Amino acid sequence: MSAEPKKSNNFIRNMIEDAIAKGDHTGDVVTRFPPEPNGYLHIGHAKSICLNFGIADTFKGRCNLRFDDTNPEKESQEYIDAITRDVNWLGYEWDGEIRYASDYFDTLYDFAIELIEKGKAYVCALTAEQMTAYRGTLKEPGKNSPYRDRPVEESLQLFRDMRDGKFQNGELVLRAKIDMASPNMNMRDPILYRIRYAEHHQTGNKWCIYPMYDFTHPISDAMEGITHSLCTLEFEDHRPLYDWVLENTSVPCRPRQTEFARLNLNYTVTSKRKLKRLVDEGHVAGWDDPRMPTVSGLRRRGYTPESIRQFCDMVGVNRAGGTVDVGMLEFAIREDLNARAPRAMCVMRPLKVTLTNYPAAQVETLSLPVHPQDDSMGQRDVPWTRTLYIDRDDFAEEPPRKWKRLAPQQAVRLRGGYVITCREVVRDGQGEIVELLCEYDANTLGVNPEGYKPNGVIHWVSAEDSVEAEVRLYDRLFNHESPDSDKEGDLTDHLNPDSLVIVTGARVERALAEPRQDLPYQFEREGYFFLDPELSGAGRPVFNRTVTLRDSWGKGGN
RNA sequence: UGGGGUGUCGCCAAGUGGUAAGGCAACGGGUUUUGAUCCCGUCAUGCGUAGGUUCGAGUCCUACCACCCCAGCCA
């Protein structure tokens, strides 16, 4: 990546810079992004992606994409495809081909043999329950497995037999021989291989034994010449084991693991397990539901890759695990879209306005800028007719103080058009307001009226010459700041019942009959809205609200 | 005294002994045909607490306190 804006410094960048300055690090800086294909990427992964690819970029190194696929029962090609797409969409290119930990299954097997031959690993026949008992507790040491000192030749033969399918699921495991009394649970003779008769999405039925993460990861890193293996804080306790594996096998090089704090966002969850649950239980429409903090959800919502990268940069990287306010994410997308989004008008809840002094047959084509601060984006045509729609929320019979919209006998500017004054309110049999009879001031196009001052500016659309649209107003999925970290109840107790409000019968200006699909629009005075690629039909657009405009008046939007 | 971490403004975050950056939010004010944007201003004598070292400490030492992670044949 070359177009990456300059990145804020963080302790990892500083560490690498110092090492290069002191001559401790020579050669390329090589990182990797190593997702397990057991779910979709979320905003937390985006942080890791920006870090790994960003580091490689600033140090002119390389970054690999490697699927950590050692648990076939939880993984699938669907997830691989989604993850690959998301990384690309975020704007990153990995070095060479996509890698898979499963590419190294043969190598891994050989290194396991090496450990056994060195007397550093053994085949253990303890059951899962026995294993737990032997492991000890956090405060008490474990005790050695009775199989720990079995002869090397015996372990060697047993391990081959494991591979050759001579045992049942879970019957035997290969364990590292380290220290059952270690205060670090990960060092109490961790399992290296388990028997699992499962078809693997990459290797098919070639294997019935699969290596564990702690054995696979350091070796995969070494095989790829990774110099900086960056991971989240919960793996800190695994580092001694990561190092142990590298020290005790004849790997070609020596990567270093460095941990950083994972991203937490309030009012949402960033855990693949919990997100999967929301999908499986139907609380959302899928992994790419616009309310999901997944990369695909954010994309469908209208977030841009640039805004997500900017957000990750704002958040920073360190070892102090905090919780970032979603407001910062919203700021990032507003900042990007304010500069780039074409403007348009959309009336969510149409209220008919008849201009009594405007000829019925007349149509005037107004030319409005696509962006008020960027002339290079050009103009668009907006028809002005006798019958218009404004939003019901922009009219009040008894306006509050400082009302900047329409009210009886008061005037407002219609955005880009004329100033109108409301003369009469028309009601139906139920007493509901169905129409406003207004007069327009023909001398106010592009100039202020003489002798009076309009309240403000509201948006509008021609009644006949506009397009019907469905608009989906999204709000936060949870109404609890930390929906998953409290003891008060279940995650699903905190779902926001108003996280999706569907508005049908909205009207958008004619220019949006065929909306662009690459970037959201700003519906003026409302927010940013992105054409939903799944739900929109020909001539019937569906817009997802990406985010409201900042609003210093009341609560934003509808 | 299981082990490993982290504590700087409401939130994120710089700072590596020389006298507390920046961003978000908030709050004032100006511009404005989006109650948007933009502009200008305010916002930590204080860095988990208590001692200590030093001419000088967020940075060094000691002791506490709080929070997070670890007992999957998950990653």
Side-chain angles (χ1 to χ4, degrees), chain A residues 8-10 14 34-36 38 68-71 73-75 124 126-128 131-133 135-142 169-175 182-188 190-196 209-210 212-214 216-217 231-240 259 261 263 266 272-273 313-332 334-335 338-339 343 345 368 371-373 402-405 412-417 419 444-448 454 456-459 485 522-527 548-554 556:
Chain A
S8 307
N9 275 120
N10 58 53
N14 294 340
E36 185 192 7
N38 66 345
D68 217 334
D69 56 347
T70 56
N71 190 6
E73 290 166 316
K74 291 259 183 2
E75 300 159 4
C124 181
L126 251 27
T127 65
M131 191 87 76
T132 302
R135 191 154 34 226
T137 69
L138 292 178
K139 297 190 177 185
E140 295 159 19
N169 259 346
E171 201 175 336
L172 253 35
V173 294
L174 181 70
R175 292 226 264 169
S182 172
N184 182 343
M185 300 295 284
N186 298 303
M187 300 299 269
R188 319 245 262 229
I191 294 173
L192 266 22
Y193 266 92
R194 75 284 213 187
I195 298 171
R196 199 101 313 169
I209 57 172
Y210 290 98
M212 300 288 287
Y213 165 86
D214 282 311
T216 307
H217 209 81
C231 64
T232 45
L233 248 26
E234 65 268 29
F235 291 101
E236 194 158 23
D237 288 343
H238 295 246
R239 193 171 65 226
E259 311 84 16
L263 172 68
N266 62 11
K272 267 194 284 190
R273 211 194 96 250
D313 194 53
M314 286 170 69
V315 161
V317 179
N318 66 16
R319 293 173 61 86
T323 300
V324 175
D325 195 307
V326 280
M328 222 186 276
L329 219 207
E330 294 179 347
F331 170 83
R334 283 194 186 106
E335 184 183 48
N338 176 55
R343 264 92 242 237
M345 292 191 284
L368 273 57
H371 191 296
Q373 279 89 231
K402 295 186 179 178
W403 182 247
K404 297 182 70 172
R405 314 178 191 182
V412 283
R413 158 86 58 190
L414 293 194
R415 175 69 162 166
V419 172
T444 56
L445 188 62
V447 295
N448 289 130
V457 182
I458 64 174
H459 58 284
S485 72
Q522 183 195 99
F523 290 166
E524 290 191 287
R525 302 208 310 131
E526 293 285 1
T548 61
L549 251 30
R550 195 164 161 269
D551 187 1
S552 57
W553 178 244

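All of these numbers come straight from a predicted model, not from anything done at the bench. Labels below follow one simple rule: chain letters A, B, ... track the order of the sequence lines, proteins then strands, and each chain is numbered from 1.
Across all strands shown, A/Q373 has heavy atoms under 4.0 Å from base atoms, whether or not it also approaches the sugar-phosphate. At a threshold of 4.0 angstrom between heavy atoms, the contacts of A/R413 include nucleobase atoms, whether or not backbone atoms are also involved. The residue A/M345 sits apart from the nucleic acid: no heavy atom pair falls under 4.0 Å. Base engagement by A/K402 is indicated by at least one non-hydrogen atom pair under 4.0 Å involving a base atom. A/N266 comes within contact range of no nucleotide atom at all, as no heavy-atom separation falls under 4.0 Å. The residue A/A128 sits close to a base: some heavy atom pair falls under 4.0 Å. Across all strands, A/P35 comes closer than 4.0 Å to no nucleic acid atom at all (heavy-atom distances). Using a 4.0 Å heavy-atom cutoff across all strands shown, A/T127 reaches at least one base atom of the nucleic acid. Contacts of A/L368 with the nucleic acid, taken as non-hydrogen atoms under 4.0 Å apart, are absent. In this structure, A/V173 reaches the bases: a heavy-atom distance under 4.0 Å links it to at least one base atom across the strands shown. At a threshold of 4.0 angstrom between heavy atoms, the contacts of A/T216 with the nucleic acid are absent. Residue-level contact check: A/R196 touches the bases, meaning some heavy atom is under 4.0 Å from a base atom.
For the OP1/OP2 pair of B/C24 and a distance below 4.0 Å, the side-chain nitrogens and oxygens of A/R334 include no atom meeting the criterion. Between A/R273 and B/G72 there is no side-chain polar atom (N or O) within less than 4.0 angstrom of OP1 or OP2. Phosphate proximity of B/C74 to A/T70: absent, as no side-chain N or O sits under 4.0 Å from OP1 or OP2. Side-chain nitrogen and oxygen atoms of A/R135 include at least one within less than 4.0 Å of the OP1 or OP2 phosphate oxygen of B/C73. Between A/R319 and B/G5 there is no side-chain N or O to OP1 or OP2 distance below 4.0 Å. Distances shown here put a side-chain N or O of A/R525 below 4.0 Å from the OP1 or OP2 atom of B/G35. Regarding contacts with the backbone of B/G4, every side-chain N or O of A/N184 stays at 4.0 angstrom or more from both OP1 and OP2. At least one side-chain nitrogen or oxygen of A/S552 sits closer than 4.0 Å to the OP1 or OP2 atom of B/A36.
Using cut-offs of 30° and 60° on the angle between ring planes, the pair A/F235 and A/Y213 is tilted.
For the P atom pair drawn from B/C64 and B/A25, the interatomic distance equals 42 Å after rounding to whole Å. For the C1' atom pair drawn from B/A66 and B/C39, the interatomic distance equals 43 Å after rounding to whole Å. Separation of the C1' atoms belonging to B/U45 and B/C9 is 14 Å when rounded to the nearest angstrom. With C1' as the reference atom, B/C61 and B/C68 are 26 Å apart, rounded to whole Å. Spacing between B/C24 and B/A13 at atom C1', rounded to whole Å, works out to 11 Å. Remark: the separation of the C1' atoms in B/G29 and B/G35 is 16 Å, to the nearest Å. B/U8 and B/C47 have their P atoms separated by 11 Å, with the value rounded to a whole Å. As rounded to the nearest Å, B/C70 and B/C60 have P atoms that lie 29 Å from one another.
One atom, CZ of A/F331, and another, C1' of B/C11, lie 14 Å apart when rounded to the nearest Å. In this entry the distance linking CD of A/E524 with P of B/U32 reads 17 Å, nearest Å. Remark: P of B/C73 and OH of A/Y213 are 16 Å apart, rounded to the nearest angstrom. Between the CG atom of A/L549 and the P atom of B/G35 there is a distance of 9 Å, rounded to whole Å. As a whole-Å value, the separation of A/L192 CG from B/C74 P is 13 Å. The CD-P distance, from A/E75 to B/A75, rounds to 8 Å in whole Å. When rounded to the nearest whole Å, the span between NZ of A/K74 and C1' of B/C73 equals 11 Å. Across the protein-nucleic acid pair, A/M314 atom CE and B/A14 atom P stand 14 Å apart, rounded to whole Å.
Proximity note for A/N14 (side chain, C-beta onward) versus B/G2, B/G15, B/C74: the nearest is B/G15. In this structure, the nucleotide among B/A75, B/C73, B/C70 sitting nearest to the side chain of A/H238 is B/A75.
For B/G52, the base adopts the anti conformation, since its glycosidic angle falls more than 90 degrees from zero.
Atom CG of A/N38 is separated from atom CZ of A/R273 by 11.5 Å, given to the nearest 0.5 angstrom.
Salt bridge annotation for A/K74-A/E36: absent, with no cationic side-chain nitrogen under 4.0 angstrom from a carboxylate oxygen.
Interface remark: the A/Q522 side chain does form a donor-acceptor pair with the B/U34 base, using a distance-only criterion of under 3.5 Å. Not a single donor-acceptor contact under 3.5 angstrom links the side-chain atoms of A/R550 to the base of B/U37.
For the pair A/R334 (side chain) and A/G527 (backbone), a donor-acceptor distance under 3.5 Å is absent.
In this structure, B/A66 and B/U6 make a Watson-Crick or G-U wobble pair, each of the two defining distances being under 3.5 angstrom. Pairing for B/A57 is absent, judged as Watson-Crick or G-U wobble with the two contacts each under 3.5 Å.
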